[in-house]
Amino acid sequence: MANQDVNSAYDLTLEQAGEEAGRLTTRVVELRDAYYERDEVLVADEEYDRMLHRLEELERLFPELQSQDSPTQTVGGRAETTLFDPVRHAERMLSLDNVFSREEFAEWAAKVERNAGRHIDYLCELKIDGLAINLRYENGVLRTAATRGDGVVGEDVTENIAFVKVIPTTLAGSGHPPIVEVRGEVFFESTIFEQLNADQVAAGERVFANARNAASGSLRQVADNKTPVQLERMHKRLGRLSMLVHGIGAWAQPRNGDEAPVDSQSATYGLLKQWGLPTSSHFRVVTNASQAVEFIEYYGAHRSSVEHEIDGIVIKVDELELHDELGATSRAPRWAIAYKYPPEQVNTKLLDIVVSVGRTGRVTPFAVMKPVRVAGSVVRQATLHNQDVVKAKGVLIGDTVVLRKAGDVIPEVLGPVVELRDGTEREFVMPSNCPECGTLLAPAKEGDVDLRCPNARSCPAQVRGRVEHVGSRGALDIEGLGEVGASALTQPDVPVDPPLATEAGLFSLTLRDIFPITVRVRDYETGLVKLNPDGSERTETPYRKKRKTAGRGADPAFDPEASEFAGDEWSVPSSAAEKLLSELELAKAKDLWRILVALSIRHVGPVAARALAAYFGSVEAIRAATREELAAVDGVGSIIADALIDWFAVDWHVAIIDRWADAGVQLSIPGHAGPGAALAAGGPLSGVTIVATGSLEGFTREGALEAIIAAGGKAASSVSKKTDFVAAGPGAGSKLTKAEELGLRIIDAAQFATLLEFGPDALKE
DNA sequence: CACCCTCGAGTTCA
DNA sequence: CTCGAGGGTG
């Protein structure tokens, strides 16, 4: 990897180099000890490697800096002070060269094929993110198990390996060579790893950062100084480790002897399997490089469906004869390559910490980073929650930070890389005033960590947020009123008449109001307004689509004033504006609970709103209710009751309702007999709680929930022991896992449909 | 006083 | 989808 600052090494004086090497040594040792002894990951792997390479570089240029105990002379662990005996591998345990793209892989394959001079079959397999182990069997009996170490000498972990259930202590069958060394990877399966961490929590012990560290940590435990209870736990943990073998390191007899037992890598696996060793089922022999790429892409997309962590794909030349012909470099064989998937943890620059204001006025700091690819997508922002979290993470603006995707989705800043600071970093200071409207920020109540902007009525960010919320799926589900629409309609300089100063005017909008709206085009990355070539600001008219030539040849500029949108030739072309208006029109007649959600009343989400709507039947009835009457509703307590009373006491809130009513929004359930009217009881699912997860054939996500409620059941959002059924389809995730743990009744889409129609009795065996 | 649950927020992708 | 915070319920 070309690294600019490596060049500068040539200009260093010995003294400077010595200083830098000293700093790096301290830090690398610190990180290494943290990693190997406490299984803590403080920096991304790339960063650690970078530091180590730099140190090597310095030592090469200034040999006097080299010392016996430099981290460059040992690979991980504490080579001198280790509690495990050193073991010399019969044949060097090489590592693999890496490629990071299809192009690099194609180059590698082309080179190998050129050198081989004949057709090549490749064996593709998963690269397990675990711990490389060498098993030595003598006369079919496991003699030693050792870590890779520096490739030549590893650590003897035979005692611990003996507890790993999947590793045979004697090989099955007969006719094995007197001495054979088998290489493989030791790891925890993902589900086991999760259980393990849960157990750690239960036992009040530290959790492992990832499955590889857990495996490494488990194998490196020592029995000394342990109580019998601890010892039992240790053995139990070792027993849950998995191993998959992927090759033979050394035979007692030369492979080119009279009876070569196998002639291909894939046949080797068959042999290993016969011997009773665990081999992976996820491998394939392909006849050309492009099929290997298909394998790479397949597992890139299905990475999470494999039972263990993988960090790439290993592609090997299948024919063993060719292994000898192609040979190896000092580090790695030429007949195999590792295709590395994009790392889940990367470093990037923290450019700034800025705050955003949500629809409730809550002020949230988030990290603005130099865009990087993490786990398959480009990330430029990550939330930092609040100022306490910023402080706890210890990040400064300008820091290089470690970034990952929590749960493979949500970007999360782990912390700073302290040694890359150059002194120009500065601390984040929480602003005292709202970044959008300048109002002094204050906690909602004494002792709250979160600050809020109290200017709910006219803070642009809050108005924008609320308008967007009205259109959101959980509320009135208005197409065309998303983030872009909401900000276009509410930007202060929009010539909407009357201006959409709050959500009150939303349903009174006319074509005339929104057609002329122009918004400035901002650069997604910088947030700056883009400019036209002539220096003017670039604008867009989101509610006017390019007018197609209608009827006549010419396409005169559209002029709403002149045309009145009516004449045949001037009839308004299908536009985003029309779409929005028709969607707004539709929304006016949607269920009352949706209207309630759309009002952004604290603590009133879909569940509370449904309960309130069903009980009271109209906004007016809710407004007229006393605190006690409100709290009498199932699912509504004193806090929500207070929130409602407080909300209706604000005159501009009431104005929203009035204006919506004027515009034709339906604020009551037609035919509802009034507060407390007997609820439509019964239904096949009354008293039944169901959680729907994954994609259920024949239902949309929303549709499934609606159907449960329509049948009189309760649609819960999370799985608990009170859940009666979990309807799970393909793609179900943690909820299904939890349901299995709790031993709940899990049903498929067909059973779900039966349940909806006939109730739980229909599913009884 | 425990759970158990809902709310709210951020983020990204098909 | 996931997490933390905080409300509701038994």
Side-chain angles (χ1 to χ4, degrees), chain A residues 194 301 304 344 353-369 371-386 388-389 392 403-413 443-445 447-453 461-462 464-466 468-469 472-475 482-483 524 593 596-612 630-644 689-695 700-701 705 714-724 731-739 742 744:
Chain A
E194 276 159 34
S304 55
E344 325 242 270
I353 296 177
V354 290
V355 298
S356 70
V357 183
R359 81 177 154 99
T360 62
R362 201 168 113 184
V363 174
T364 311
F366 64 93
V368 178
M369 289 158 296
V372 277
R373 248 192 128 65
V374 203
S377 64
V378 175
V379 172
R380 62 196 86 227
Q381 290 183 2
T383 180
L384 292 168
H385 305 291
N386 58 49
D388 283 8
V389 172
L403 180 71
R404 73 156 176 193
K405 287 236 198 122
D408 240 19
V409 183
I410 314 290
E412 180 190 5
V413 172
K445 58 180 179 3
D448 264 14
V449 176
D450 292 338
L451 290 180
R452 303 191 110 90
C453 167
Q462 293 187 57
R464 195 193 317 130
R466 288 201 305 269
E468 188 184 339
H469 174 66
S472 71
R473 247 217 292 259
E483 193 184 330
Y524 182 51
W593 70 265
L596 288 173
V597 172
L599 291 172
S600 282
I601 303 169
R602 290 275 270 155
H603 307 132
V604 179
V607 174
R610 275 194 171 99
L612 286 164
L630 290 167
V633 177
D634 192 25
V636 177
S638 61
I639 308 274
I640 294 183
D642 283 342
L644 285 159
T689 301
I690 302 170
V691 173
T693 180
S695 50
T700 62
R701 181 171 291 279
L705 301 185
K714 189 172 173 208
S717 59
S718 54
V719 175
S720 71
K721 61 184 173 198
K722 283 196 215 159
T723 310
D724 297 303
S734 58
K735 284 179 196 169
L736 179 58
T737 319
K738 180 145 186 222
L742 292 171
L744 300 175

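Proteins get letters first, then strands, A, B, ... in listed order; numbering begins at 1 in each. Since the model is a prediction, treat every value here as computed from it, not as a measurement.
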note = Per atom distances to the A/I640 side chain, the nearest of B/dT11, C/dG8, B/dC7 is C/dG8
query = What distance separates A/T383 OG1 from A/E412 CD, expressed to the nearest 0.5 Å?
reply = 10.0 Å
key: Phosphate OP1/OP2 of B/dA9: any A/R362 side-chain N/O under 4.0 Å   = no
task = Name all residues meeting the side-chain contact (heavy atoms from CB on, under 4.5 Å) criterion together with A/A692; count only those two or more places apart in sequence or in a different chain, and write none if there are none.
result = A/L696, A/A704
note = note: A/W593, atom CH2; B/dT6, atom P; distance rounded to Å ~ 13 Å
Between B/dC7 (P) and A/L612 (CG): distance, integer Å = 11 Å
key: Spacing between A/E412 atom CD and C/dG4 atom C1', to the nearest angstrom   = 13 Å
request  = To the nearest Å, give me how far apart CZ (A/R464) and P (B/dA9) are.
outcome  = 14 Å
ask   = The side chain of A/S356 lies closest to which of these nucleotides: B/dG10, B/dA9, B/dC7?
value = B/dG10
task = Look at the side chain of A/I639 and decide which nucleotide, out of B/dT11, C/dG8, B/dG8, has an atom nearest to it.
result = C/dG8
ask   = How would you label the contact of A/G358 with the nucleic acid (heavy atoms, under 4.0 Å): base, sugar-phosphate, or nothing?
value = nothing
query = Side chain of A/P411: nearest nucleotide among B/dA9, B/dT11, B/dC7?
reply = B/dT11
query = Which one, B/dT11, C/dG7, B/dA9, comes nearest to the side chain of A/H603?
reply = C/dG7
request  = Would you please confirm or rule out a distance under 4.0 Å between OP1 or OP2 of C/dG7 and any side-chain N or O of A/S638?
outcome  = no
ask   = For A/R452 and C/dG6, what is the distance between atoms CZ and P respectively, to the nearest whole Å?
value = 10 Å
task = Check the distance between C/dG6's P and A/D642's CG and give it to me in whole angstrom.
result = 17 Å
ask   = Can you tell which of B/dT11, B/dT6, B/dA9 lies closest to the side chain of A/T360?
value = B/dA9
message = With a cut-off of less than 4.0 Å, is there a side-chain N or O of A/T364 near OP1 or OP2 of B/dG10?
response = yes
query = What distance do A/R359 atom CZ and A/E468 atom CD have between them, rounded to the nearest 0.5 Å?
reply = 10.0 Å
message = I'd like to know if the side chain of A/H469 reaches the main chain of A/V597, judged simply by a donor and an acceptor atom lying under 3.5 Å from each other, with no hydrogens or angles considered.
response = yes
query = If we ignore angles and hydrogens, is there a donor and acceptor under 3.5 Å between the side chains of A/T360 and A/R602?
reply = no
